[in-house]
There are 2 protein chains.
Amino acid sequence: MPARQPSKPRARRPRSEARPYHHGDLRRVLIDAALQLAEEGAEVSVREAARRAAVSPGAPFRHFPNRDALMAAVAAEAQRRFRTEIEAALDEAPAADPLLRFRAFGLAYLRWAMRNPAHFEIISTGRYFARGSSPELTRDNAELIALTEQMLSGAAAQGLLRSADLKRIQIAGRALVYGFARMNLDGHFPRWGVGEGEIERTAEEVIDLFITGIARR
Amino acid sequence: MPARQPSKPRARRPRSEARPYHHGDLRRVLIDAALQLAEEGAEVSVREAARRAAVSPGAPFRHFPNRDALMAAVAAEAQRRFRTEIEAALDEAPAADPLLRFRAFGLAYLRWAMRNPAHFEIISTGRYFARGSSPELTRDNAELIALTEQMLSGAAAQGLLRSADLKRIQIAGRALVYGFARMNLDGHFPRWGVGEGEIERTAEEVIDLFITGIARR
DNA sequence: CCTAAAATGTAATCGATGATTACATAATGG
DNA sequence: CCATTATGTAATCATCGATTACATTTTAGG
């Protein structure tokens, strides 16, 4: 790409007094508005996102062919944040013990899901946009799954596991964690203890129960 | 209630040739239409249900105050079918072994969820109507949960369990099964083996893995 | 029976939404 | 400097949930 002056502050040339006809980076602003809408528990509508961006109802369609595409972009952003947090947790986990890393993975997963329920929902449900509509998200998710497979085969190599059927263990582990996150999302934890701490502690216990179940002893 | 002739076939008195002004049992027909819509993968709209009942768009609101109420009724019906199948499976399970009954419960649960994904979604998600909007469904679900608690405490009494923390085991079990069902629903099983048999076999394996994990050996 | 009230359906309409089209304005590059 | 492209606006459409006024049928009480 040809080098260009990178600093020019977006042609700040007000026509008379108002904001410029062209928005700075509408695509980005729309995604952020949609993320915020979801976070607030409101249903994400294209029009409301446009409203928050102080732009006409038709403007978003210059950046996204339809609502699904916007939602896919929102999901991609949420997934990016999700992954960032998982990897940060793994960086702090002991490098040598695969089962402890597996545990840290599950904890970080549930912790994020508990604290960002709306975003987790958009990422996971596949009801907000056609599957395959966001290859970025699909690839990213596949990489996380591959990570868990590596941990499990590492654990098996060290003789830490009771069963050799890693595929089965992996699916069960995914189902357990995914199910816990979705139960929280879908209102199956009827106002538990005091605050969020209670539910996160339960998440930890459930993960430990699972790991104890698959570990050789 | 006063006894009345029960057989009169709904006052079949056509005004001239057309169907009667009053529908036979519109409420029931609307619920069935909505169930069918969900089953077909379409999104359930009040208007479409009205269309299928050959009735005006406003008619459904004589029977349901709003869309949520219709969805709640649909969920109640689906839950009734769900529960019927679970209880049938338990009737055929051995009465003496709590863990085998627990297994049969999980299998029936997942089997139904795999074969009626749209209905399971409506039952479980709580996104289609306000929580508490269908006390019938809530109570029914609570009873099923109580069933699993009885099985687990029975298993503990017979010394079949490794841990005494039944609450933890129960939540983990629920999360596992719920998660598996939702993974299927949310498209996280990318076109597995040949048909449905493959995924139901995997469900069985996962349940067995869990039960083996919590059982004393 | 008969008739008034209640139940149930229709027609018309409203506001919100996703989406499309024609048009306006700004940014960019030859 | 100007033409092409990118980006935003305005107007419009169909669909949906919901409400209201009105029509018809059923039902119950005298």
Side-chain angles (χ1 to χ4, degrees), chain A residues 1-30 33-34 37 42-74 127-130 133, chain B residues 1-6 8-16 18-30 33-34 37 42-74 127-130 133:
Chain A
M1 65 185 90
R4 306 188 48 241
Q5 305 118 322
S7 54
K8 210 82 157 281
R10 278 295 167 193
R12 196 88 175 86
R13 206 173 335 179
R15 283 169 303 184
S16 57
E17 185 72 27
R19 75 194 132 77
Y21 186 91
H22 277 193
H23 202 288
D25 185 357
L26 183 53
R27 181 188 161 86
R28 180 70 220 174
V29 172
L30 287 171
L37 273 175
E43 65 178 330
V44 180
S45 80
V46 177
R47 291 178 103 97
E48 181 61 28
R51 236 170 261 129
R52 299 213 173 179
V55 102
S56 79
F61 293 92
R62 292 287 176 194
H63 299 269
F64 305 96
N66 49 44
R67 180 180 184 275
D68 277 18
L70 169 59
M71 295 309 292
V74 168
R127 171 172 32 260
Y128 298 106
F129 48 91
S133 171
Chain B
M1 61 187 91
R4 307 188 47 243
Q5 304 117 324
K8 210 83 158 282
R10 278 295 169 194
R12 197 86 177 85
R13 206 173 338 181
R15 285 168 304 183
S16 56
R19 73 193 132 78
Y21 186 91
H22 275 192
H23 202 288
D25 185 357
L26 183 53
R27 182 188 159 87
R28 180 69 218 174
V29 171
L30 287 171
L37 273 175
E43 65 176 329
V44 180
S45 82
V46 178
R47 291 178 103 96
E48 182 60 26
R51 237 171 259 129
R52 298 212 174 181
V55 103
S56 80
F61 293 93
R62 291 289 177 193
H63 298 269
F64 305 96
N66 50 43
R67 181 180 184 274
D68 278 17
L70 170 59
M71 296 308 292
V74 168
R127 170 171 35 260
Y128 298 105
F129 49 93
S133 172

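Just so you know, these numbers come straight off a predicted model, no measurement behind them. To find a chain, count down the sequence lines: A is the first, B the second, and so on, and within it residues start at 1.
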Quiz item: If you look only at pairs with a residue in residues 48-58 of chain A, which of them pass as a side chain to side chain donor-acceptor pair (under 3.5 Å), with sequence neighbours excluded?
Solution: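 Found A/E40-A/R52, A/E48-A/R51, A/E48-A/R52.
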Nearest-Å distance, [atom1] ([X]) to [atom2] ([N])?
X	N	atom1	atom2	result
A/N66	C/dT17	CG	P	17 Å
B/R27	C/dG9	CZ	P	12 Å
A/D25	D/dA6	CG	P	16 Å
B/M71	D/dG17	CE	P	10 Å
B/F61	D/dA21	CZ	C1'	17 Å
A/L37	C/dA16	CG	P	16 Å
B/L26	C/dG9	CG	C1'	9 Å
A/F64	D/dG8	CZ	C1'	15 Å

Self-check item: Minimal non-hydrogen separation, A/A53 against A/L30, with atom names
Solution: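 So the minimum-distance heavy-atom pair works out to CB-CD2, 4.2 Å.
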Quiz prompt | Nearest heavy-atom neighbours spanning B/P60 and B/A50 | solution =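 Shortest heavy-atom contact: CG-CB, 3.7 Å.
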Practice problem: Given side-chain contact (heavy atoms from CB on, under 4.5 Å), test A/F129 with A/V74 step by step and report yes or no. | Solution: CA-CA 10 Å; A/F129 48 91; A/V74 168; over 6 Å; no
Quiz item: Taking the side chain of A/A59 as heavy atoms from C-beta outward, which of D/dG8, C/dT8, D/dG17 is closest to it?
Solution: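 Within the option list, the nearest is D/dG8.
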Quiz prompt | Minimum-distance nucleotide to B/R62 side chain [options: C/dA19, D/dT9, C/dT8] | solution =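 Selected nucleotide: C/dT8.
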Quiz prompt | Contacts of type side-chain contact (heavy atoms from CB on, under 4.5 Å), residue A/Y128, not counting sequence neighbours | solution =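 Partners of A/Y128 under the side-chain contact (heavy atoms from CB on, under 4.5 Å) test: A/M71, A/E121, A/I122, A/T125, B/R127.
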Quiz item: Within the pair B/H63 and C/dG9, is there a side-chain N or O less than 4.0 Å away from OP1 or OP2?
Solution: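 Checking C/dG9 against B/H63, a side-chain N or O does come within under 4.0 Å of OP1 or OP2.
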Practice problem: Evaluate the criterion side-chain contact (heavy atoms from CB on, under 4.5 Å) for residue pair A/V55 and A/L26; output intermediate values, then yes/no. | Solution: CA-CA 9 Å; A/V55 102; A/L26 183 53; 4.1 Å; yes
Practice problem: Could you go through the side-chain contact (heavy atoms from CB on, under 4.5 Å) check for B/V46 and B/F64 one step at a time? | Solution: CA-CA 10 Å; B/V46 178; B/F64 305 96; over 6 Å; no
Distances under 3.5 Å between nitrogen or oxygen atoms of protein and nucleotides 10-16 of chain D:
{"from": "D/dC16", "atom 1": "OP2", "to": "B/R51", "atom 2": "NH2", "distance (Å)": "2.8"}

Quiz prompt | Qualifying salt bridge (Lys or Arg N to Asp or Glu O under 4.0 Å) pairs, either residue in residues 56-74 of chain A, two or more places apart | solution =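 Sorted pair list comes back empty.
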Practice problem: For A/R28, check salt bridge (Lys or Arg N to Asp or Glu O under 4.0 Å) against everything at least two apart and list the hits. | Solution: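 A/R28: salt bridge (Lys or Arg N to Asp or Glu O under 4.0 Å) contacts with A/D32, A/E77.
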Quiz item: Just how large is the angle between the end axes of the helix from C/dC1-D/dG30 to C/dG30-D/dC1, five pairs per end, to 10 degrees?
Solution: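 The end axes of the helix from C/dC1-D/dG30 to C/dG30-D/dC1 are about 0° apart, to the nearest 10°.
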